[in-house]
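Every chain is numbered from 1, with letters handed out A, B, ... down the list of sequences. Worth knowing before you read on, the calculation uses all heavy atoms, side chains too, and leaves out hydrogens, waters and symmetry mates. Since the model is a prediction, treat every value here as computed from it, not as a measurement.
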There are 2 protein chains.
Amino acid sequence: MVNKKVDELLKKNHLSITGGRKKILELFLQHDGALSHSDIEKKAGGKFDRVTVYRTLQTFLEKGLIHSIPTADNSIRYALCKDDCSGGHHHDDHVHFICNACGNTVCLEGVTVPTIELPGGYVSMQVDMLISGVCKSCNQ
Amino acid sequence: MVNKKVDELLKKNHLSITGGRKKILELFLQHDGALSHSDIEKKAGGKFDRVTVYRTLQTFLEKGLIHSIPTADNSIRYALCKDDCSGGHHHDDHVHFICNACGNTVCLEGVTVPTIELPGGYVSMQVDMLISGVCKSCNQ
DNA sequence: AGTGTTTTGCAACCATGTTGCAAATAAGTT
DNA sequence: AACTTATTTGCAACATGGTTGCAAAACACT
């Protein structure tokens, strides 16, 4: 049951179990891809206030339940962290794929970010890869 | 002289030479780092209308003079394309570094984006790398 | 200098994101 | 189950970011 999983996740992260949080977590679990704020608002059917959605996403981010994906069109997307993003503030490096055809964004879990040689003096703390192209579903 | 270079760049791209465009190009040439829309507005000292800045950036993007850099905080930054981004719509892959200390964003020209093995069915068209950490200047 | 095209500034508008505060809801206790 | 406290929500209001239409100004060309 999805509902049970949602409750567990919230409890594990010391968050009050409320309707809004449950609904948004469910959406993430169901969708299997990244969601933007407006995606969530639409899918939730106007049932929750805009502000609540913003605050919930903010909370989930801080607790490490989701991570944010930068995009070129100024619309942050969020995706569930598998394995709780190794629990805490230190996020893993991610490879994200944005499909130009369907607009969907997915987090490629299997692909590892290669190590990069930076010029002297630069210290890397986090690496994000953004790959755009055509995804599996759209590629016939 | 910077002024001459600016004029040349505009002429080469079949753009009318106007005060606003010259000023914005100068800012990019001087700053050696990525600029956001609001950066430009501030640095230009309120001399130009907000709309003009937006439209100028849009034009520069289309002509391949600048490229946009996705960021995690929903504020697109723009940077000059060295070598005119190999002239045209096909942008090269870029590695961008965002400093958590000074907030500055630079385009690391020397670093090449490694080739990545994507899962079957995925076709890559463009790759962007976003590395955050501490930059050379801030690292003492 | 004169003419046609391009660019600018203004006003108005919509989308996105934030803050303060009172009302509502959840959690913990007896 | 009722009560108390802490947390969360919704509302209003605001700030910022970005777009569009249109008339006036600036530019390019002869």
[atom1] of [X] versus [atom2] of [N]: gap in Å, rounded?
X	N	atom1	atom2	result
B/Asp49	D/dA26	CG	P	14 Å
B/Ile17	C/dT5	CD1	C1'	16 Å
B/Gln58	C/dT6	CD	C1'	17 Å
A/Tyr78	C/dT16	OH	P	12 Å
B/Leu10	C/dT7	CG	P	11 Å
A/Phe60	D/dT8	CZ	C1'	12 Å
A/His14	C/dA27	NE2	P	14 Å
B/Lys42	D/dT16	NZ	C1'	11 Å

Presence of donor-acceptor pair under 3.5 Å, side chain of A/Arg50 and base of C/dG17: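 Indeed there is one.
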Heavy-atom donor-acceptor pair, A/Arg55 side-chain to C/dG17 base, under 3.5 Å: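 A donor-acceptor contact between them is absent.
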Comparing B/Tyr54 and A/Gly19 on DNA chain D - which has the more 5′ nearest nucleotide: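 By nearest-heavy-atom nucleotide position, the 5'-most residue is A/Gly19.
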Is the phosphate of [N], meaning OP1 or OP2, less than 4.0 Å from a side-chain N or O of [X]?
X	N	answer
A/Thr18	D/dT9	yes
B/Ser16	C/dT6	no
A/Arg21	D/dT8	yes

Distance flag, aromatic centroids of B/Tyr54 and B/His37, threshold under 6.0 Å: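 They qualify: ring centres under 6.0 Å apart.
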Aromatic ring pairing A/Tyr122/B/Phe97, orientation class (parallel under 30°, perpendicular over 60°, tilted between):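 Ring orientation of A/Tyr122 relative to B/Phe97: perpendicular.
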Residue pair B/Thr56 / B/Thr52, side-chain heavy-atom distance below 4.5 Å: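 Yes - at least one pair of side-chain heavy atoms lies under 4.5 Å apart.
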Residue whose nearest DNA chain C nucleotide is more 5′ - A/Ser38 or A/Val51: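 On the 5' side of the pair lies A/Ser38.
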Flag for B/Asp128-B/Gln126: side-chain donor and acceptor within less than 3.5 Å: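 Per modelled atom types, B/Gln126 and B/Asp128 side chains form a pair under 3.5 Å.
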Among C/dC10, D/dG10, D/dG18, the one nearest B/His37 by side-chain distance: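 Looking only at side-chain atoms, B/His37 lies closest to D/dG18.
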side-chain contact (heavy atoms from CB on, under 4.5 Å) partner of B/Arg77, chosen from B/Cys107, B/Pro70, B/Ser36: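 It is B/Ser36; the other options fail the test.
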